[in-house]
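All values reported here derive from a predicted model rather than from experimental measurement.
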Amino acid sequence: MRKRKMYLSVEDIAELFGLSVSFAYRVVERMNADLASKNHYVILGRVPTRYVEDMIYGLEHVEQYLKEDKAV
């Protein structure tokens, strides 16, 4: 059984939302700024998986979305 990711990387965010990597960096930067404003410790280039799930309406179990086959 694979352990759940605690943090999502910029590449994970880009894949999850269908963004370019350069734009995903801006998204992660904004999420980290929000966390820092709430006095949370942040890791540059990564965001907590739970935070992403909580902040994006209707998004649950990020790992499931990242594993799904995207072939049409």
Please step through side chain to side chain contact (heavy atoms under 4.5 Å, CB included) for the pair Val52 and Phe17, ending with a clear verdict.
CA-CA 11 Å; Val52 174; Phe17 297 113; 4.1 Å; yes
Arg50 meets the salt bridge (Lys or Arg N to Asp or Glu O under 4.0 Å) criterion, sequence neighbours left out, with Asp54
Smallest heavy-atom separation, Val10 atom then Val21 atom, equals CG1-O, 3.7 Å
Extract all donor-acceptor atom pairs below 3.5 Å that involve side chains of residues 34-46 and protein atoms in other chains or at least two apart in sequence.
residue: Asp34; atom: OD2; partner: Lys38; partner atom: NZ; Å: 3.4
residue: Asp34; atom: OD2; partner: Tyr51; partner atom: OH; Å: 2.5
residue: Ser37; atom: OG; partner: Asp34; partner atom: O; Å: 2.7

Distance col, row Ile13:CD1 vs Thr49:OG1, nearest 0.5 angstrom, shows 8.0 Å
OH of Tyr25 to OG of Ser20, rounded to nearest 0.5 Å, is 11.0 Å
